[in-house]
Amino acid sequence: MNTTSNAALKRKAVVLLSGGLDSMVTAALAIERGFDVHALTLDYGQRHRLELSSARSIAAKLRVADHIELSLDLRAFGGSALTDAIDVPKSGVGEDIPVTYVPARNLVFLALTTACAEAASANDVFIGVNALDYSGYPDCRPEFIASFAETARLGTKAGIDGAAFNIHAPLQHMTKSDIAKECERLKLDPAWSWSCYDPTVDGKACGECDSCRLRKKGFEEAGLIDSTVYQA
């Protein structure tokens with residue numbers, strides 16, 4: 001009889017778990033696909049710090065194999081409404097890249113997630129970016145994700161040794177409505193996650209920032225209830 005545990009037989013994957021809706025759904029999809037999921041959450045000095053506690057809650061509820069929290073204070077650079085004394089816009093999603101863009105955030109985050117994966121002898125990295133209903137951030141685009149896989153291959157010992165990294169972005173071509181439906185199908189409670197960029201002092205989602213607007217629109221179009229408590 002083979003006594004090897006199922007976990008030992010699974011391929012490891014590191015999931016970038018921000019605590020937002022997209023990262024929660026991505027982590028659940030990685031588990032559904034049979035991966036032994038290890039989660040990485042980055043505390044980068046973001047003003048919406050409620051997402052950090054959401055990440056901890058999601059990791060516990062999904063029973064991931066391991067959850068690492070890493071501090072990287074991007075407030076030292078500033079340049080974003082999420083890390084600097086800049087008002088979070090509430091006028092709706094426009095055509096220009098908004099001030100909530102954090103310079104090179106996903107480039108930095110993917111590099112750290114890949115480093116975490118290499119240290120854990122994992123070749124699979126999951127990130128919850130999507131490029132349909134989103135704020136127009138350049139580091140969410142499919143061409144960036146594809147190019148990073150090659151960068152990871154060239155810049156790591158694992159890559160040089162022939163073990164290329166697989167960068168999974170399962171939500172890449174989904175609308176927010178599609179993501180809301182996946183959340184429902186996977187039996188996840190939307191309230192476990194946090195998306196708002198500018199929470200109220202009493203811990204409610206503002207309902208007016210780009211992230212709130214996109215999230216609310218997605219659930220409305222899907223005909224589903226978002227259990228998140230909004231101020232507006």
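What you are looking at is a predicted structure, and each value in this text was computed from that prediction instead of being measured.
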Once rounded to the nearest 0.5 Å, what's the spacing between atom [atom1] of [X] and atom [atom2] of [Y]?
X: Ser23; Y: Glu51; atom1: OG; atom2: CD; value: 7.5 Å
X: Glu182; Y: Ser177; atom1: CD; atom2: OG; value: 11.0 Å
X: Arg185; Y: Leu224; atom1: CZ; atom2: CG; value: 13.0 Å
X: Leu110; Y: Phe148; atom1: CG; atom2: CZ; value: 5.0 Å
X: Asn106; Y: Thr113; atom1: CG; atom2: OG1; value: 9.0 Å

Salt-bridged, [X] to [Y], with N to O below 4.0 Å?
X: Asp124; Y: Arg11; result: yes
X: Asp210; Y: Lys90; result: no
X: Arg153; Y: Glu150; result: yes

Kindly say whether [Y] contributes a backbone atom to a donor-acceptor pair with the side chain of [X] at under 3.5 angstrom?
X: Glu118; Y: Lys157; answer: yes
X: Ser211; Y: Ser195; answer: yes
X: Asp73; Y: Arg75; answer: yes
X: Asp66; Y: His38; answer: no
X: Thr83; Y: Gly79; answer: no
X: Asp178; Y: Thr175; answer: yes

Discussion item. Filter on salt bridge (charged side-chain N to carboxylate O under 4.0 Å, His left out), then keep only pairs touching residues 22-31, sequence neighbours left out; what's left?
Written reply: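 For residues 22-31: Asp22-Lys176.
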Worksheet item: Taking the six-membered ring of Tyr230, is the NZ or CZ of Lys216 close enough (under 6.0 Å from the centre) and on axis enough (within 45°)?
Response: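 Judged by the rule, Lys216 and Tyr230 form a cation-pi pair.
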Worksheet entry | Pairing residues for Asp189 by the side-chain contact (heavy atoms from CB on, under 4.5 Å) criterion, not counting sequence neighbours |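 Expected list: Ala191, Trp192, Ser227.
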State, yes or no, whether a side-chain contact exists between [X] and [Y] at a heavy-atom distance under 4.5 Å.
X: Asn130; Y: Cys140; result: no
X: Arg105; Y: Leu82; result: yes
X: Ile86; Y: Ser80; result: no
X: Leu171; Y: Met174; result: yes

Discussion item. Are Phe126 and Phe35, when compared by the centres of their aromatic rings, separated by less than 6.0 Å?
Written reply: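 Yes, the ring centres sit under 6.0 Å apart.
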Discussion item. Please find the pair of heavy atoms, one from Asp139 and one from Phe144, that lie closest to each other, and give the distance.
Written reply: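 Looking at all heavy atoms of both residues, the shortest contact is O-CD2, 3.3 Å.
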Practice prompt. For side-chain hydrogen bond (donor to acceptor under 3.5 Å, both in side chains), just list the numbers for Arg215 and Ser193, CA-CA rounded to whole Å, side-chain angles, deciding distance to a tenth of an Å, and then say yes or no.
Written response: CA-CA 11 Å; Arg215 177 175 173 140; Ser193 65; 3.0 Å; yes
Discussion item. Tell me every residue that passes salt bridge (charged side-chain N to carboxylate O under 4.0 Å, His left out) with Arg49, counting only those two or more places apart in sequence or in another chain.
Written reply: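 In terms of salt bridge (charged side-chain N to carboxylate O under 4.0 Å, His left out), with neighbours along the sequence ignored, Arg49 is linked to Asp43.
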